[in-house]
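Values reported hereafter were calculated over all heavy atoms of this structure, with side chains retained and with hydrogens, waters and symmetry mates removed.
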Amino acid sequence: MMSPLEEIRHSCSHVLATAVLRVFPDAKLDIGPPTDSGFYYDIDLDHQLTADDLAKLEGVMKEVIDENQPFSRREVPREEAEAIIRERKQERYKLGRLADIPAGEAISFYQNGEFIDLCAGTHVRYTKQIKAFKLLSIAGAYHRGDERNQQLQRIYGTAFASKDELAHYLTQLEQARLRDHRKLGRDLKLFHIDEDVGAGLILWTPNGSILRQELQNFISTELRRQGYAQVFTPHIGRLALYKTSGHFPYYKESQFPPIVEREFLDQLTASGCSCAEMANRIEAVSQQFADRVNARTGQNTITPDRILPDDQLIDGFLLKPMNCPHHIKIFDSQPRSYRDLPVRLAEFGTVYRWEQSGELNGMTRVRGFTQDDAHLFCTPEQVQTEILGCLSLVKTVLTTLGMSDYRVRVGLRDPDSSKFTGDPAKWDQAESACREAAKTLGVPFTEEPGEAAFYGPKIDFVIKDVIGREWQLGTVQVDYVLPVRFGLSYIGADNTAHTPVMIHRAPFGSMERFCGVLIEHFAGDFPLWLAPEQIRILPISDKLLGFAQATLAQLLAADLRVSLDTHSDKLGAKIRRAELEKIPYVLVLGQKEAELLSASVRSRAKGDEGVHKIEDLIARFKQEVATRALPEKKALAAAAAPKS
RNA sequence: GCCAACAUAGCUCAGCUGGUAGAGCAGCGCUUUCGUAAAGCGCAGGUCGUCGGUUCGAGUCCGACUGUUGGCUCCA
């Protein structure tokens, strides 16, 4: 059974299909389900749909609704279902959908007017019960979500029980766009993306850099408290490193191409080496290399077809797609005793991944990003405790920032997929450790098979952006595979070598994505400790400049981020500018204030707060920064900024 | 990568069916010295994303590329 709203939307998608067939009788239909915010219908059609077509279809849909067609359900045997589909010339996709219905389950059709569709239901009783709808956009969508299949045209729309609710939803969408981090990032000068630098590569401008630096300071403090050591590693590493970890060539499609040493490139060019051959030789390894890795894993991890004689191999470097191999090498750089464990290595490590061009999105999906990464090397007995420590760190971060609207996903392996490597017994152990740890969070979580990393299960924190898209932020991943592949060991209490377990974790995920989401979370109204400019001094006239300069120096000396507005504007204009730039506090200085060594305070949240002594204000601001206080909710009237 | 739309000044946008660009805001200058969300006047700012094609002539038409947006696919 569907909810009443789902029924409306689902029925509306049938009305859409009815209209599509009236306008384009040759259209082949696939499916048209309701979604969280509306509905869509996937259609195979030679004609390329345009915005004008949407308007036309909306008109026809209104006619269908006005005809007040009843929805009727009919259950039929499979043979008859097939006949109905063929008779309607809808066999291209609908027969496949019919085949999806398991034997023994009811096969039903829903009919409204002349339109009949294979459909489990349920629906509203009459088309007139669809009171408010709108078609929103056209998009391409692969049949069954598989890029090897035919790409269909998807029409998105939404529907509500009343016109008011539809209007409310549309204004909400409009509001959401105003806090889009891409818009605020430009308006508040937080970051810049330049096509000459490259798509998906973030330039952190001074304001954004303050935000990022404050977050990094915050997390560094937490790391010290939790016994982490901070490290630095370079942005590239030799191919052999990633051949050992298994990231190359397995993930080569999502990496920047290797950097091949000049000497090799010259030789290859001279010898007329083809691209295919070159790729093959870059991906190859030596016999010794394969033997070593295979001996460690006890499996045919490196297959014989990748082995070439030494003189055929091409060496090179990779822009690092992840930090773990570098951290592994730090762990492995000295002998380790069980007494040393856990070893916790943290780094704000920048990694580069070749995301598909169509996937790039502001700061939330980029090609170069800095993870607040750390790798914990511990004994199998310590895994549970360490996961809990990581989760509490993530929770501390999210709580401090007032981000409570997230969901937790425990990513498990898909037993049918070959993507996941390693010992099934250890997987079971790690999966149950993750599940148990997630339970302690006190937050509902979902278990999702197939969402694990190739080396182990993980716990992800997923948050929604302003238009409802989900982004993975913090992550904690257990790894029994990489320590084996790299031959890591520590000496146990029994004086023999043991393999440590690794935990990968990043409470923010990446600074870029996190800041993007944070900008939207606060709509640019950052808490004082994060605000790029915390305070602005507004002298009422140039006559007050002397006192303003002295006040500026006083606040700067107190380590506050403050500026002085020296424009010869009227006070109202200066205030307006500060409000639009979302400065948390402005200090208005006039003759009265100068005499009392004070300032008239206007806060972003409360507006005019009256006159206070400068020294009292400094104490107040410093306190607010030190406690990382969250911004107070704005009064509604103040939030409605006049349109420029 | 795929489907589609879009790309004009720092920002937001105008520029009809082809006849070599315009506004508001921001910026700069001058005047104003002002009490809680926009003072006045003036100036400057664009090889119309890039490259190629059609044309006597391209911001406008066509193609390729780059980038952006909304989806799809992907996301170690």
Rounded distance in Å - [atom1] ([X]) to [atom2] ([N]):
X: A:R182; N: B:G67; atom1: CZ; atom2: P; value: 16 Å
X: A:E581; N: B:C25; atom1: CD; atom2: P; value: 17 Å
X: A:I540; N: B:U36; atom1: CD1; atom2: P; value: 8 Å
X: A:D180; N: B:U12; atom1: CG; atom2: P; value: 12 Å
X: A:L545; N: B:C34; atom1: CG; atom2: P; value: 13 Å
X: A:D608; N: B:G35; atom1: CG; atom2: C1'; value: 9 Å

Is [X] side chain donor-acceptor paired with the [N] base, going by distance under 3.5 Å alone?
X: A:Q151; N: B:C2; result: yes
X: A:Y142; N: B:G71; result: no
X: A:S254; N: B:A76; result: yes
X: A:S568; N: B:U32; result: yes
X: A:E253; N: B:G1; result: no

Measuring only the [atom1] atom in each nucleotide, how far is [N] from [M]? A whole number of Å is fine.
N: B:C72; M: B:C25; atom1: P; answer: 41 Å
N: B:G42; M: B:C6; atom1: P; answer: 38 Å
N: B:C3; M: B:A76; atom1: P; answer: 25 Å
N: B:G52; M: B:A58; atom1: C1'; answer: 13 Å
N: B:C16; M: B:U60; atom1: C1'; answer: 11 Å

[X] side-chain proximity, nearest of [options]:
X: A:R186; options: B:A38, B:C11, B:G1; value: B:C11
X: A:V588; options: B:A37, B:U33, B:U36; value: B:U36
X: A:K592; options: B:U68, B:A38, B:G35; value: B:G35
X: A:A573; options: B:U68, B:A38, B:C74; value: B:A38
X: A:E195; options: B:G35, B:U66, B:A76; value: B:U66
X: A:Q477; options: B:G1, B:A39, B:A76; value: B:A76
X: A:R365; options: B:C3, B:C34, B:C75; value: B:C75

So, A:S598 and A:E593: side-chain donor and acceptor under 3.5 Å apart, yes or no?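 Checked: A:S598/A:E593 side chains show no N/O donor-acceptor pair below 3.5 Å.
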Side chains of A:K592 and A:S600, donor plus acceptor under 3.5 Å: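 A:S600 and A:K592 do not have a side-chain donor-acceptor pair below 3.5 Å.
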Check whether any side-chain nitrogen or oxygen of [X] sits under 4.0 Å from OP1 or OP2 of [N], and answer yes or no.
X: A:R353; N: B:C74; result: no
X: A:Y156; N: B:C72; result: yes
X: A:H567; N: B:G27; result: yes
X: A:N361; N: B:G70; result: yes
X: A:K458; N: B:A76; result: yes

Any idea how A:F256 and A:Y352 line up, ring-wise: parallel (<30°), tilted (30 to 60°), or perpendicular (>60°)?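 The arrangement is perpendicular - the two ring planes meet at more than 60°.
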Who pairs with B:U68 - Watson-Crick or G-U, where each distance is under 3.5 Å: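 When the pairing criteria are applied, B:A5 turns out to be the nucleotide that pairs with B:U68.
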What I want to find out is whether A:E579 reaches A:K574 closely enough, with some N-O distance under 4.0 Å, to be called a salt bridge.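 Here A:E579 does not pair with A:K574 in a salt bridge, since their nearest N and O are not under 4.0 Å apart.
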Would you kindly check if the NZ (Lys) or CZ (Arg) of A:R154 is within the cone defined by 45 degrees around the ring axis of A:Y40 and under 6.0 Å from the six-membered ring centre?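 Checked: cation-pi criterion met.
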Using the rule given for ring-ring contact (aromatic ring centres under 6.0 Å, His included), can you reason through A:Y455 versus A:H504, listing the C-alpha separation, both sets of side-chain angles and the distance that settles it, and then say yes or no? CA-CA 11 Å; A:Y455 47 68; A:H504 310 239; 4.5 Å; yes
